[in-house]
Amino acid sequence: EAQVTQNPRYLITVTGKKLTVTCSQNMNHEYMSWYRQDPGLGLRQIYYSMNVEVTDKGDVPEGYKVSRKEKRNFPLILESPSPNQTSLYFCASRRREGEAFFGQGTRLTVV
Amino acid sequence: AQSVTQLDSQVPVFEEAPVELRCNYSSSVSVYLFWYVQYPNQGLQLLLKYLSGSTLVKGINGFEAEFNKSQTSFHLRKPSVHISDTAEYFCAVSAPAGYNNNDMRFGAGTRLTVKP
């Protein structure tokens, strides 16, 4: 089954404790992206990747890191999480031209 | 870069009434356009897409949208809504390959609430 898998689905952590949210897709898509969803703001792009070892900042990259060492994986790293990073996060993948396929989301709470 | 504006943050409507959710985009190049739906506590699901060809696009669950290049709009319509259509709807835009910055961007969302 074609899918984008994010883990974990829910995470509560403390300020400053490094964390990684994993994302994997099995559709051989070139493009992968991370978004955060906040009430009234829609989905804002954090980072995106056009292929292995090619990443670029989206609209809200501060406080986040990504890497794309393999085509299928695109982890999101928060080196020192802060409460303003409490949000719902989505990973997505797509071909160069076409619709995005989304993971089920990761609800992160930073206390 | 492309951008999207969804003109209504909330749209309440009675069951079996028609509905239109409005979306305008901005881009200096040709675009691809999408509508996604998000049901409570779920991820985003594609409703329909415009890549090329006919400007009237039909999607799942009886929804359709019309691409209007002169008005830079891509409004979503359904002639008769059901309670189960209650959800958040997102309009999105991307550019074809070969253009710089062809990542996908989303609007702020429209919450559709269908009342009995």
Side-chain angles (χ1 to χ4, degrees), chain A residues 1-10 21 23-25 27 29-51 54-61 66 68 74 87-107, chain B residues 1-10 21-25 29-53 57 59-60 65 74 87-111:
Chain A
E1 179 189 354
Q3 59 184 5
V4 178
T5 304
Q6 287 180 237
N7 280 297
R9 291 288 310 277
Y10 302 91
V21 184
C23 175
S24 180
Q25 52 99 0
M27 295 169 279
H29 286 165
E30 296 96 335
Y31 281 71
M32 296 186 75
S33 301
W34 277 103
Y35 297 87
R36 60 177 289 174
Q37 184 180 10
D38 302 289
L41 298 176
L43 277 81
R44 294 180 291 167
Q45 192 175 63
I46 302 170
Y47 271 95
Y48 67 101
S49 168
M50 291 175 283
N51 215 323
V54 181
T55 63
D56 205 353
K57 296 177 181 179
D59 297 320
V60 288
V66 293
R68 187 96 181 270
F74 191 45
S87 187
L88 178 59
Y89 291 86
F90 286 101
C91 178
S93 74
R94 64 184 177 97
R95 291 176 285 109
R96 289 176 70 194
E97 299 184 344
E99 69 269 29
F101 292 79
F102 284 83
Q104 286 300 299
T106 296
R107 188 168 293 281
Chain B
Q2 300 73 244
S3 66
V4 174
T5 302
Q6 291 184 241
L7 298 162
D8 307 292
S9 60
Q10 298 187 58
L21 306 185
R22 297 180 293 166
C23 172
N24 284 97
Y25 69 90
V29 301
S30 60
V31 294
Y32 297 149
L33 293 157
F34 309 84
W35 275 98
Y36 287 84
V37 60
Q38 183 182 33
Y39 298 106
N41 299 315
Q42 293 190 26
L44 278 78
Q45 177 184 357
L46 181 72
L47 269 180
L48 48 80
K49 60 185 177 185
Y50 171 78
L51 301 182
S52 66
V57 180
I60 62 172
F74 191 56
E88 187 96 20
Y89 292 80
F90 292 96
C91 183
V93 63
S94 68
Y99 290 101
N100 287 334
N101 202 13
N102 68 324
D103 53 310
M104 186 174 287
R105 284 203 157 78
F106 287 78
T110 297
R111 180 168 297 278

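None of these values were measured; they are calculated from a predicted model.
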Closest heavy-atom pair and its distance - B:Met104, A:Arg94: N-NH2, 3.8 Å
Close aromatic pair by centroid cut-off 6.0 Å: B:Phe106 and A:Phe102: yes
Inter-residue atom distance A:Arg96.CZ - B:Ser94.OG, 0.5 Å rounding: 12.0 Å
A:Glu99 to B:Phe34 - nearest heavy-atom pair and separation: CA-CE2, 3.5 Å
For A:Ser49, side-chain hydrogen bond (donor to acceptor under 3.5 Å, both in side chains) partners two or more places apart: A:Arg68
Most chain A-contacting option - heavy-atom pairs closer than 4.5 Å, from B:Ser9, B:Gly107, B:Ala108: B:Ala108
Which atom of A:Gln37 lies closest to which atom of B:Phe90, heavy atoms considered: NE2-CZ, 3.3 Å
Intermediate values then yes/no, side-chain contact (heavy atoms from CB on, under 4.5 Å), B:Arg105 and A:Arg44: CA-CA 8 Å; B:Arg105 284 203 157 78; A:Arg44 294 180 291 167; over 6 Å; no
Atom group of A:Leu41 that falls short of 4.5 Å from chain B, counting heavy atoms: backbone
Region of B:Gln38 in contact with chain A, defined by heavy-atom distances below 4.5 Å: side chain
Side chain, backbone, both or neither of A:Gln6 within contact of chain B (heavy atoms, under 4.5 Å): neither
Listed once per pair and sorted, the salt bridge (Lys or Arg N to Asp or Glu O under 4.0 Å) pairs that draw on residues 33-43 of chain B, sequence neighbours left out: none
Selection from B:Leu46, B:Asn41, B:Leu51, B:Val4 maximising heavy-atom pairs under 4.5 Å formed with chain A: B:Leu46
